[in-house]
Structures are given as structure tokens and as C-alpha cells.
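Report on the structure given below.
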Amino acid sequence: MNADRLLIPAIDPVLTSELNHVIPGAGRLPAAAQGNGLIRLRRGLRFPDGEWAALTPTERYRAFVAGVTQTFKKRPVLSHYSAAALWGLPIIGPWPREVHILVPHASGGRSDPGIRRHAIGVPEADVVDIDGFLVTSIARTVLDLATTAPMLTAIAAADAALWVPRGRGALPLVAKSEIWQLWSTREFRGKRRAQELIQFADTGAESPLESASRVNIALAGFPQPVLQHRIEVDGREYWGDFYWPGADAWGEVDGLVKYVDPNDSDGVAAAEAVYREKLREDAVRRRVTRFARWDRGIAMSRTRLRRRLIELGLEPRNHEPRHLRWPL
């Protein structure tokens with residue numbers, strides 16, 4: 001496993017037990033009456049409201065998970081969505097409003113507001129202790145999501161864990177062989193579903209939108225494309241999200257963030273990012289017969305993506321692939 005650090009949020013929680021040492025009785029006051037610049041997320045847990053407002057949804061969930069963990073007397077084992085958040089694995093859709101933890105079989109799965117307990121056992125080999133947090137390994141996290149999460153999220157997380165960045169010596173967060181090894185040595189509900197979704201997971205999907213597109217391409221009955229196809233034009237390398245060799249067809253999926261977020265466009269202005277992408281597309285079109293681009297709305301819709309691929313010149317099969325028959 002090529003990972004030894006969790007993505008721990010920079011914002012620190014304020015625990016009621018700590019607040020009471022500074023302002024006696026403050027923990028018993030309603031949040032609106034405290035007047036201390038704190039936002040209450042659950043009993044015993046608050047965050048500075050100004051810092052909280054500046055976080056992204058993913059950062060907020062990560063901070064919430066880290067904060068709830070500190071309210072336990074004994075460190076819990078974070079799992080499922082909560083482990084995924086700390087490992088940096090993406091999901092598709094909103095993060096849950098609860099922290100997921102593993103507990104022994106005998107303890108039952110009773111959950112409290114903001115906490116979801118999974119009474120499926122806590123094998124010591126599946127737990128990693130990093131930076132003071134107990135969290136399921138990446139392989140175990142991927143398997144847990146493959147058995148419980150909607151298909152798009154399960155595939156997005158698995159693809160991200162398996163993704164091999166371009167570059168000499170680059171390694172994924174986890175090898176698929178490690179996931180299979182874990183799968184083969186555990187008995188759990190949903191094992192067949194996990195098997196088929198892990199089979200579908202790929203090392204070449206760079207983003208959740210690419211993962212969502214892959215799922216809907218398969219569900220719409222189209223052959224799976226080559227991921228991260230490379231071509232060279234005028235001495236420059238270009239990599240495509242999707243390529244169908246039989247049709248010489250090239251596909252790209254982009255979210256709006258690529259053109260408005262400096263972190264996603266090498267720090268250049270939006271207009272410059274759009275212009276660079278146009279030059280790139282012009283170069284690619286000189287080497288392929290067909291080219292299509294789609295956004296998040298199309299990637300998330302099997303019907304709309306199907307139309308776009310037919311316009312690209314691809315022909316769907318008449319049956320839905322057996323290994324992707326679950327609802328999204």
C-alpha cells in the first residue's frame with residue numbers, strides 16, 4: 001500500500017468538555033446564545049464558524065469525522081465513507097451527515113445521531129493506526145464501499161485507489177491484487193457485488209467524472225474505451241480520457257472547476273485555461289477521426305451520454321452488461 005498519511009483537516013474542533021474549562025456552563029447553552037463564534041455540529045462538538053464557512057464540503061466532512069473521533073473515550077475504527085474521506089478517496093454526491101465506524105459483531109449495530117456503527121467485526125489486519133486515528137486500510141475501505149455504497153460512488157472510490165499517476169515509478173494507493181487478497185480471505189454480505197465492481201474498477205480513471213462516465217458507458221451498452229490514450233502531435237504528448245480504437249473516436253469529460261479553479265488549471269486565469277484547452281483540442285482533432293466532449297450533467301446521465309456517444313459514431317450493444325446491473 002503506497003500511503004502512510006491521512007488527510008487530516010487543519011481546522012481544530014472545540015469540544016464542549018474543553019469549552020467548559022474556559023467558559024463554565026457554556027456547553028449547556030444553545031449555540032445561538034453562546035455568542036462565541038462557534039457552530040454546533042452535534043452534542044459535545046463545535047467548530048469556529050468563520051473557519052468552517054471557508055471549507056469545501058469534503059473538508060467539512062473530514063473535519064467533522066476528525067472532531068467526532070475526539071469525543072470518544074476510546075478511539076473508534078473509522079470505516080466506509082469516513083475512512084474514504086481521510087484517505088482522500090472521492091465519492092459521487094453529498095457526504096453523509098454521520099461518521100461511520102466499525103464495531104465487533106457482538107456489540108450490535110445500534111447507531112446514535114451523527115454516528116453509524118457497522119457491527120461487522122474489526123479484524124486487526126484491516127486497521128491502520130496513523131496520526132492518532134484508527135482507520136480501515138485502503139483495501140478494506142474500497143471493499144466496504146463496494147458492498148454498501150451506490151455504484152457510482154463505489155466505482156469512483158475504487159478507481160481513485162487504483163489510479164496510477166503518469167510518471168516514472170508512480171504507484172497507486174493500493175494494488176488490485178491487495179484488494180483481491182483481502183476479498184478472498186473475508187466472508188461478508190455483498191461479496192458477489194464487491195467482486196463484480198472490483199473487476200470493473202480500473203487504474204486509468206483520473207477523476208470521479210471519468211469513473212461516472214465509465215459506468216454509464218457500460219450501462220448504456222457501449223464497449224469500454226481505452227483510458228488515458230496517448231498521442232503525439234508536433235512533438236507534444238496528449239492524453240485522452242476515453243478512446244475507442246475501432247471508431248478512432250476520442251472522448252473527454254470536464255467539470256466546470258477545470259476552467260474556474262486555479263488549482264485545476266496550473267494557476268492560470270479562466271480565459272487562459274479555456275484557450276489552452278482549445279489549442280489542445282485542435283491538436284487532437286488533427287490525429288483522430290471523431291472527437292466529443294461532455295460535462296458533469298451528461299456524465300451523470302446514462303440517457304444523455306448515450307446520445308452523445310451515438311453522435312460520436314459509436315454503436316451500442318442491445319444488452320446491459322451483466323456485471324453492472326445494480327441501480328445507481
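- Using a 4.5 Å cut-off on side-chain heavy atoms (C-beta onward), V122 and V127 make contact.
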Pair E178-W180, side-chain hydrogen bond (donor to acceptor under 3.5 Å, both in side chains): steps then yes or no: CA-CA 5 Å; E178 294 179 61; W180 282 132; over 6 Å; no
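- A parallel orientation is assigned to the rings of H118 and H100, their planes being inclined by less than 30° (bins at 30° and 60°).
- Closest approach of L102 and G121 over heavy atoms only: CD1-O, 3.7 Å.
- Residue pairs meeting the salt bridge (Lys or Arg N to Asp or Glu O under 4.0 Å) criterion with at least one partner in residues 181-190, sequence neighbours excluded, are D126-R186, E187-K191.
- Between W294 and F242, the distance from one ring center to the other falls under 6.0 angstrom.
- Interatomic distance, L89 CG to W163 CH2, rounded to the nearest 0.5 Å: 12.5 Å.
- Closest of all the heavy-atom pairs between H80 and I120 is CE1-CD1, 4.0 Å.
- What you find for I217 and Q224 is that their closest heavy atoms are CG2-NE2, 3.8 Å.
- Judged as a salt bridge (Lys or Arg N to Asp or Glu O under 4.0 Å), the pairs with a partner in residues 234-249 (not counting sequence neighbours) are, in order, R230-E237, D234-R286.
- Residues L197 and A146 share a closest heavy-atom pair of CD1-O, 3.7 Å.
- Contact detail for P76 and I101: the closest heavy-atom pair is CB-CG2, 3.8 Å.
- R296 has its side chain out of reach of D254: every pair of non-hydrogen atoms, C-beta onward, lies at least 4.5 Å apart.
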Derivation of the side-chain hydrogen bond (donor to acceptor under 3.5 Å, both in side chains) call for T141 and T136: CA-CA 6 Å; T141 303; T136 52; 2.7 Å; yes
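- Between E210 and R214 there is no salt bridge, since no side-chain nitrogen of the basic residue lies less than 4.0 Å from a carboxylate oxygen of the acidic one.
- For E311 and R307, the salt-bridge test fails: no basic side-chain N is under 4.0 Å from an acidic carboxylate O.
- Heavy-atom minimum distance, P48 versus V14: CD-CG2, 4.4 Å.
- The CH2 atom of W87 sits 14.0 Å away from atom CZ of R140, with the distance rounded to the nearest 0.5 Å.
- Relative to the six-membered ring of W239, R166 meets both conditions, a distance below 6.0 Å and an angle of at most 45° to the axis.
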